Novice: 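Handing you a structure now.
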Amino acid sequence: MDIYEQIVSYFSGIHGMHLWEEVQALFRRIASYKPQHWLLPAWACEAVGGTPDQAISAMVAIACSHISVILVDDMLDSDPRGEYHRIGAPAAANLACAFQAAGLEAIAHCEIELGTRLTALDSLNQMILTTTLGQHLDVQGVADEASYWRVVRTKSSPFFGTALHIGALLGGGSVEIAWQLNETGRLYGEMIQIHDDMNDAMDVPANSDWISGRSSLPILFAQIVEHPDRQRFLALRQEAFDPEKLAEAQAILIRCGAISYGIDQLIRRYQKCRKLLHDTPLRKGEVLEAMFDEVIHPIKELLSALEMT
Amino acid sequence: MFTMQVFHEWLSSAAVKSNAYQRLLVRLTQASRIQILNYTSAVQWYIWSADKAANAQ
């Protein structure tokens, strides 16, 4: 049985799930995509000397939280791919609540010592609460740099922090090591959000961020920093649905330093994470190092290609 | 705090010429959109999107 089948099997065994076919069907469908996010606890578990089997309940908890956040986030963003288009917003909201509770159940009934279980439950619940706050803040809109980073630190990074935190706890890692991995995971989450923003800003046709008014990191940079093309960029943003205007606006993002800023922010976090991992006594730290290298490797390739031109 | 505005001024200053990393960040401002997209599409992680993650695989 592969790891995703084990996750589905554990999820199906959560009390009450057998009564709810829609919840199980959605879980199975998303599991079939094999989301990498769900494996984060297993990697942390291995890093502290455990085996992926020990982290199954943590992976189920993270999978449930992941689905719950996506269900709600798609509605808040009016994402055309959202499940709510298929089943309706009331049902999607209700499913999101079910997944939140199921995730907590997955940890509440796992076979680990009570104190560790409570710590893992608290981490999971804190993450849900903070992420919900982040979604609320994101809906209010990001007008400046401080509010952008606040949204990232509430909406995006706690999920990754808790995923590593509870994986480490279930793998037998000490409370201190698990907290260090929580911090590392948060930085990783910030890196993924920065990367996601750069990808969305450069995508064609125009990503919904251009039209909706949501400011991703590069767009925010080009809007608030005093640079020669700022006024032109502000005008172009309103017409980003036009391919020519979008191409001109994206060229400004590169020229004004918005992409350089994103790359610099990624590299700074990567260096912090490397130091954190280096200072954390892990049995198999290379598992987590590989996770970070996956994000930083394409940047190194890009920079070395530029170096040769 | 290294704010966006401070970063922009730092990147635009003559001092960047003395540092190889800073020079690369300056060179990045002359990159093409395709070069940037090639980089971003090489990372298979996405925030809050199961479909995007699935399509990338």
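We name chains A, B, ... by the order of the sequence lines, and we start the count at 1 in each one. All values reported here derive from a predicted model rather than from experimental measurement.
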Novice: Give the member of A:Asp77, A:Ile259, A:Val225 that has the highest number of heavy-atom pairs under 4.5 Å with chain B.
Specialist: A:Val225
Novice: Say you draw a straight line from CG of B:Leu25 to CD1 of A:Ile267; how long is it, rounded to the nearest 0.5 Å?
Specialist: 6.5 Å
Novice: Please step through side-chain contact (heavy atoms from CB on, under 4.5 Å) for the pair A:Val204 and B:Arg33, ending with a clear verdict.
Specialist: CA-CA 10 Å; A:Val204 173; B:Arg33 184 183 152 272; 2.5 Å; yes
Novice: Quick check on A:Leu266 against chain B: is it the side chain, the backbone, both or neither that has a heavy atom closer than 4.5 Å?
Specialist: side chain
Novice: Only one of A:Lys300, A:His195, A:Met202, A:Glu301 passes side-chain contact (heavy atoms from CB on, under 4.5 Å) with B:Tyr39; say which it is.
Specialist: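 Of A:Lys300, A:His195, A:Met202, A:Glu301, side-chain contact (heavy atoms from CB on, under 4.5 Å) with B:Tyr39 is met by A:His195 alone.
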Novice: Relative to chain B, which segment of A:Ile67 carries a heavy atom at a distance below 4.5 Å: side chain, backbone, both, or neither?
Specialist: neither
Novice: Just verifying a value: how many Å separate A:Phe221 CZ and B:Gln5 CD, rounded to the nearest 0.5 Å?
Specialist: 7.5 Å
Novice: Let me confirm one number: the CG-CG distance from B:Leu37 to A:Asn199, rounded to the nearest 0.5 Å.
Specialist: 7.0 Å
Novice: Around A:Arg150, counting heavy atoms of other residues, nucleotides and ligands shown, do more than 12 lie under 6.0 Å from its CZ?
Specialist: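 No, the 6.0 Å shell around CZ holds no more than 12 heavy atoms from other groups.
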Novice: Calculate, to the nearest 0.5 Å, the distance between atoms CG and CE belonging to A:Asp144 and B:Met4 respectively.
Specialist: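 Here the interatomic distance stands at 9.5 Å.
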Novice: Between atom CG of B:Leu28 and atom CD1 of A:Ile254, what is the distance when rounded to the nearest 0.5 Å?
Specialist: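 B:Leu28 atom CG to A:Ile254 atom CD1 measures 8.0 Å (nearest 0.5 Å).
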Novice: CG/B:Leu24 to CG/A:Asp264 distance, rounded to the nearest 0.5 angstrom?
Specialist: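 So the gap between those two atoms works out to 11.5 Å.
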Novice: Mind ranking B:His8, B:Gln30, B:Gln35 by heavy-atom pairs under 4.5 Å with chain A and telling me who comes out on top?
Specialist: B:His8
Novice: B:Leu11 vs A:Ser260, test: side-chain contact (heavy atoms from CB on, under 4.5 Å). Steps then yes/no.
Specialist: CA-CA 9 Å; B:Leu11 203 62; A:Ser260 301; 4.0 Å; yes
Novice: Flag the pair B:Thr3 / A:Glu145 as yes when at least one side-chain heavy-atom distance between them is below 4.5 Å, and no otherwise.
Specialist: yes
Novice: Tell me, side chain or backbone of A:Tyr148 under 4.5 Å from chain B's heavy atoms, or both, or neither?
Specialist: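 When you check distances to chain B, no heavy atom of A:Tyr148 falls under 4.5 Å.
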Novice: Measure distances from A:Leu306 to the heavy atoms of chain B and classify the residue's part below 4.5 Å as side chain, backbone, both or neither.
Specialist: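 Contact with chain B is through both the backbone and side chain of A:Leu306.
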